[in-house]
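First comes the structure, then the notes that go with it.
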Amino acid sequence: MKKLAVFAALLIAAVLPASAETGVLKLSLWDDIAIATPGNIHDITGLDFGIASKTATVTGVQLDFLFAQTEYELNGVSMAWIINLANQVKGAQLGLLAKNEDIIGAQLGLVNLSMHNATGLQWGFFNQAEYMNGLQLGFVNYAKTIDGLQIGLLNIAENGWFPAMVIVNGRF
């Protein structure tokens, strides 16, 4: 616990000088019921921590117990135990259900949904991407278009070596 507190303090100290107009530390109870320092609860450069939060942009770390939503852009790491929603992700997204529009990085969860483009890694029980550029690792993987590899029990890629395969599928 002490190491986590030191890490959070260092993270806040590192981003404080560069972000006078954005919130550096946000504590969320539910949705927009939150406090931040400075007072901007919508744009966070630093740490967003709470039970359930809704934030416009996050540059840094977002840790929520139940639910995390980034409406526009996430640059960093977002983790929520149950639902993690984001629009544009550059970094990592974790949760039982992780959903985004576009991601460059890693999506780790029981169910991972990328509604448009996923570049990097999807690792979970069920992975879905409209366009996958990278690796899908799970029991069931689906990509309408893939430029990469799927490894799992059932792999579906409309442009893959085969439309559906067991163990491995893909296209390079």
Side-chain angles (χ1 to χ4, degrees), residues 1 3-4 7-8 10-11 26 28 30-31 44-172:
M1 186 69 180
K3 289 181 182 180
L4 181 61
F7 172 74
L10 290 174
L11 180 65
K26 176 182 171 186
S28 300
W30 192 267
D31 200 5
I44 304 300
T45 301
L47 178 63
D48 180 356
F49 182 75
I51 296 171
S53 71
K54 183 177 179 183
T55 307
T57 63
V58 174
T59 300
V61 179
Q62 184 178 34
L63 299 172
D64 287 293
F65 185 68
L66 298 175
F67 174 83
Q69 180 177 5
T70 306
E71 294 181 300
Y72 301 109
E73 191 169 333
L74 165 67
N75 293 301
V77 176
S78 178
M79 181 180 147
W81 283 106
I82 311 245
I83 299 172
N84 191 323
L85 305 174
N87 192 354
Q88 304 293 317
V89 178
K90 291 180 183 172
Q93 186 183 26
L94 299 91
L96 288 178
L97 169 64
K99 180 182 175 192
N100 62 57
E101 294 297 315
D102 298 292
I103 185 169
I104 297 172
Q107 197 176 24
L108 312 167
L110 189 64
V111 175
N112 298 308
L113 306 172
S114 186
M115 305 316 290
H116 295 116
N117 299 315
T119 300
L121 170 69
Q122 283 186 319
W123 185 2
F125 182 82
F126 177 78
N127 302 306
Q128 174 189 321
E130 186 75 15
Y131 175 77
M132 182 69 203
N133 184 7
L135 174 65
Q136 287 182 319
L137 185 60
F139 285 100
V140 179
N141 301 305
Y142 171 81
K144 184 171 183 176
T145 305
I146 190 163
D147 184 13
L149 196 60
Q150 297 173 313
I151 300 173
L153 186 61
L154 177 61
N155 304 291
I156 302 166
E158 293 182 19
N159 76 322
W161 296 311
F162 294 96
M165 283 288 295
V166 294
I167 310 302
V168 67
N169 199 7
R171 179 175 290 294
F172 295 99

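Atom CG of Leu74 is separated from atom CG of Leu85 by 11.5 Å, given to the nearest 0.5 angstrom. For the atom pair CG (Asn155) and CD1 (Ile146), the distance works out to 8.0 Å, reported to the nearest 0.5 Å. The line from NZ of Lys99 to CD of Gln93 is 10.5 Å long, rounded to the nearest 0.5 Å. Atom-to-atom distance recorded for Asn87:CG and His116:NE2 is 9.0 Å, nearest 0.5 angstrom. In this structure, the separation between CD1 on Ile51 and CG on Leu66 is 7.0 Å, given to the nearest 0.5 Å. A distance of 12.0 Å separates CG in Leu113 from CD in Glu130, rounded to the nearest 0.5 Å.
Shortest non-hydrogen contact noted between Gly120 and Met132 is O-CE, 3.3 Å. The two residues Ser28 and Ala52 make their nearest non-hydrogen contact at CB-O, 3.7 Å. A pairwise comparison of heavy atoms in Ala98 and Gln107 identifies O-NE2, 3.0 Å as the closest pair. Closest of all the heavy-atom pairs between Asn117 and Asp102 is N-OD1, 3.0 Å. In plain terms, the two heavy atoms of Leu121 and Leu108 that are nearest each other are CD2-CD2, 4.1 Å. Contact detail for Gln136 and Ala129: the closest heavy-atom pair is NE2-N, 3.9 Å.
At least one donor-acceptor pair under 3.5 Å links the side chain of Asn169 to the backbone N or O of Trp161. Panel note: side chain Gln150, backbone Ile156; a donor-acceptor pair is recorded below 3.5 Å.
Between Glu158 and Tyr142 the shortest side-chain heavy-atom distance falls below 4.5 Å. A heavy-atom distance below 4.5 Å is not found between the side chains of Thr70 and Asn100.
Within a 6.0 Å sphere centred on CZ of Phe172, heavy atoms belonging to other residues, nucleotides or ligands number more than 12. Counting heavy-atom neighbours within 6.0 Å of Trp81 CH2, excluding the residue itself, gives a total of 12 or less. Within a 6.0 Å sphere centred on OH of Tyr131, other residues, nucleotides and ligands contribute more than 12 heavy atoms.
Using modelled atom types and a 3.5 Å distance limit, the side chains of Gln122 and Ser114 yield no donor-acceptor pair. There is a side-chain donor-acceptor pair under 3.5 Å between Lys26 and Thr55.
The side chain to side chain contact (heavy atoms under 4.5 Å, CB included) test with Leu96 singles out one residue from Asn84, Leu110, Val111, and that residue is Leu110.
Taking the six-membered ring where the residue is Trp, Phe67 and Trp30 present parallel rings, their angle staying beneath 30° rather than reaching 60°.
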